[in-house]
Amino acid sequence: MSQMPELESLDRMKLEILRESLRQCRLSFNFALGSIALSTVLAFSLLFSPKGMEAKIMMAVQTIASLGSVKFAKDNQEECDRIVSLLLPQSSEVNHNA
């Protein structure tokens with residue numbers, strides 16, 4: 001009977017870790033999406049200005065920033081998946097078999 005509180009505590013801790021991982025995944029996705037949107041707006045605003053060279057530079061920077069943001073979000077998603085599979089090994093088997 002003394003194991004039940006320990007198991008409940010462990011389950012609560014796992015749930016909190018999962019919630020935090022999900023929160024971080026959402027934030028990194030929102031960051032990536034926001035940085036892509038902002039740099040796109042800036043690049044297009046420069047594109048229609050008389051400063052053509054600055055627009056080309058901004059488009060190059062925007063492309064690099066977008067790729068970096070997408071890679072950051074993808075890496076974070078992989079880390080979240082790894083944490084979930086460590087905490088809930090049966091859930092990863094179900095997802096891969098589906």
Side-chain angles (χ1 to χ4, degrees):
M1 294 195 82
S2 65
Q3 278 190 327
M4 290 302 266
E6 290 176 7
L7 287 176
E8 288 177 12
S9 176
L10 183 62
D11 287 340
R12 277 195 302 261
M13 186 172 58
K14 285 181 179 181
L15 184 60
E16 287 301 315
I17 291 171
L18 289 173
R19 283 183 182 154
E20 179 62 19
S21 294
L22 262 173
R23 186 187 73 81
Q24 289 179 8
C25 286
R26 282 188 205 116
L27 287 175
S28 65
F29 175 78
N30 290 342
F31 172 76
L33 187 63
S35 67
I36 290 169
L38 179 63
S39 59
T40 301
V41 168
L42 289 173
F44 276 110
S45 67
L46 281 176
L47 192 62
F48 294 110
S49 75
K51 301 177 181 181
M53 185 53 122
E54 287 87 347
K56 290 176 185 174
I57 292 171
M58 188 62 192
M59 288 296 254
V61 169
Q62 185 263 341
T63 302
I64 293 168
S66 296
L67 292 174
S69 296
V70 169
K71 183 179 179 341
F72 175 73
K74 182 180 178 278
D75 290 347
N76 195 355
Q77 179 62 44
E78 289 172 357
E79 180 66 17
C80 290
D81 289 345
R82 187 184 69 78
I83 291 170
V84 169
S85 68
L86 287 174
L87 294 176
L88 303 172
Q90 68 276 9
S91 69
S92 64
E93 293 171 8
V94 171
N95 288 339
H96 292 298
N97 292 331

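As the structure is a prediction and not an experimental result, all values here were calculated from the model.
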Quick one: pull up CG in Leu22 and CG in Leu27 and give me the separation to the nearest 0.5 Å.
-> 11.0 Å
Distance col, row Glu16:CD vs Arg19:CZ, nearest 0.5 angstrom, shows 5.0 Å
If Ile, Leu, Val, Met, Phe, Trp and Tyr residues are connected whenever their side-chain heavy atoms lie under 4.5 Å apart, and connections chain through other members, are Met13 and Leu18 in the same group?
-> yes
Could you state the interatomic distance from CD (Glu79) to OG (Ser28), rounded to the nearest 0.5 Å?
-> 11.0 Å
State whether Lys74 and Glu78 are salt-bridged, where the test is any N-O pair (Lys NZ or Arg NE/NH1/NH2 against Asp/Glu carboxylate O) under 4.0 Å.
-> yes
By salt bridge (Lys or Arg N to Asp or Glu O under 4.0 Å) - contacts of Asp81 (at least two apart) | none
